[in-house]
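Everything numeric in this text was worked out from a predicted model, so none of it was measured. Chain letters run A, B, ... following the sequence lines, proteins first and then strands; every chain starts at 1. All values below were derived from every heavy atom in this structure, side-chain atoms included, with hydrogens, water molecules and symmetry-related copies excluded.
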2 protein chains.
Amino acid sequence: MVVHTRTPRGQGRPRLLEAAGELFAERGVSGTSLQSIADRLGVTKAAIYHQFASKDEIVIAVAEPVIAHLAELADAAASTTPQAGRAVVIAGLVDLATAQRGTAAIMRRDPSMSQILNNHEPYMVQIARIDAVLLGPDPSPERRVALAFAGGGIAVGGELAGLEPATLRTALIAAMTRALETP
Amino acid sequence: MVVHTRTPRGQGRPRLLEAAGELFAERGVSGTSLQSIADRLGVTKAAIYHQFASKDEIVIAVAEPVIAHLAELADAAASTTPQAGRAVVIAGLVDLATAQRGTAAIMRRDPSMSQILNNHEPYMVQIARIDAVLLGPDPSPERRVALAFAGGGIAVGGELAGLEPATLRTALIAAMTRALETP
DNA sequence: GTCTATAAGGGGATAGAC
DNA sequence: GTCTATCCCCTTATAGAC
């Protein structure tokens, strides 16, 4: 499905997305100007426009690896039992939430980011798949609340600083599991 | 050509804060211009500056009722047993999170809002008091994670649409209580 | 790929009339 | 209290040189 992507000289784009992701996490999307991204990279705005046509395109590109990870989790869950699938998804979501400076978390928290992603079909598709795995068939209202609660929980909990990564991971998986143990 | 009809909008300050709070919740603080607030009220930007010296001042003013509510909860908790205090705080936080358009939720989610509030002592003081009630003495790392998780959980869960308010409230209290049942 | 330069517009904020 | 008018800076985005 990928058309071109002939960019073996991988300095520009990945570095740009990393810087953008960090700034989005710190200040939010609306609070991050292209100028500030350029400054962090030591280049000018025009250099950024050479690689991306618009700010929204950068936002989507930052989210893309996360969306790909969500797709993998949903695939993995689909090839096993419901219970095992839920465990896989929970562990995977925790890993996503604790990875690299909260890029995943900001996708759920930042209003500007949400607005863009809610109009980005690939994201919505994967979110729906993940939700279906975690909810199961015919979910009760209580279960829906528990899912929303758990979603917000990892987004914020994943950014907790000052803990051993392994401790954080274990505690978050426990918290997620407990949150979703609703009838 | 109608130049301008009488603006039958409500009285200045409360009306302004209501509009600002709604817009902050929808688009985030950075995503909300003073112009957009003025537009929603049917006035000009200059009219807003008659009541507030800066945008930050509006943000703080929007947060103030929530901060006052937090103070009340912490006070109530201080005048009873630890267990009863925790229950009071949990119920109060759920009420805050589900009340009026997610003003409370945005305080925890929006990066720009957080940045302003983290430098606003009255907010930090009340948050510390609430956290102390929920954590208890000598909290384990797991308990700290559970608290962060629960904080994110209500912020997101409180905005869930399409449920009976009473159902949402009960389910959120249950979710919060369960999340904080960590040793 | 990166630069300089600039367009075109919006942002926060202020002055002063009514 | 609200208006008009304005200031100045920053924003997104484009054009074209190297």
Taking only nitrogen or oxygen atoms into account, show me every contact under 3.5 Å that the protein makes with nucleotides 3-7 of chain C, one pair per line with its distance.
unit_1 : atom_1 : unit_2 : atom_2 : d
dC3(C) : OP2    : T44(A) : N      : 2.7
dC3(C) : OP2    : T44(A) : OG1    : 2.9

What is the separation between atom [atom1] on [X] and atom [atom2] on [N], rounded to the nearest whole Å?
X      : N       : atom1 : atom2 : value
K55(B) : dT14(C) : NZ    : P     : 15 Å
I48(A) : dT2(C)  : CD1   : C1'   : 12 Å
L41(B) : dG1(D)  : CG    : C1'   : 13 Å
R13(B) : dT2(D)  : CZ    : P     : 13 Å
H50(A) : dG16(D) : NE2   : P     : 16 Å
F52(A) : dG1(C)  : CZ    : P     : 12 Å

Just to confirm, is there a sub-4.0 Å distance from OP1 or OP2 of dT14(C) to any side-chain nitrogen or oxygen of Y49(B)?
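No, because none of the side-chain N or O atoms of Y49(B) sits under 4.0 Å from OP1 or OP2 of dT14(C).
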Could you see if V66(B) belongs to whatever hydrophobic cluster contains V156(A)? Use Ile, Leu, Val, Met, Phe, Trp, Tyr and a side-chain cutoff under 4.5 Å.
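Unlinked, V66(B) and V156(A) end up in two clusters.
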Ignoring hydrogens and angles, tell me if any N or O in the side chain of [X] forms a donor-acceptor pair with the backbone of [Y] under 3.5 Å.
X       : Y       : value
K45(B)  : S33(B)  : no
R143(A) : L180(A) : yes
R178(A) : R178(B) : yes
Q51(B)  : R13(B)  : yes

Extract all donor-acceptor atom pairs below 3.5 Å that involve side chains of residues 121-131 of chain B and protein atoms in other chains or at least two apart in sequence.
unit_1  : atom_1 : unit_2  : atom_2 : d
Q126(B) : OE1    : R129(B) : NH1    : 3.0
R129(B) : NH1    : D75(B)  : OD1    : 3.2
R129(B) : NH2    : D75(B)  : OD1    : 2.7

Strand-adjacent residues in residues 25-37 of chain B, judged by heavy atoms under 4.0 Å from DNA chain C
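Here the set is T32(B), S33(B), L34(B), Q35(B).
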Return the minimal non-hydrogen interatomic distance between T32(A) and L23(A), and the atom names on each side.
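So the minimum-distance heavy-atom pair works out to OG1-O, 3.3 Å.
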In terms of side-chain heavy atoms, does D39(A) have a donor or acceptor partner in Q35(A) at a distance below 3.5 Å?
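Q35(A) and D39(A) do have a side-chain donor-acceptor pair below 3.5 Å.
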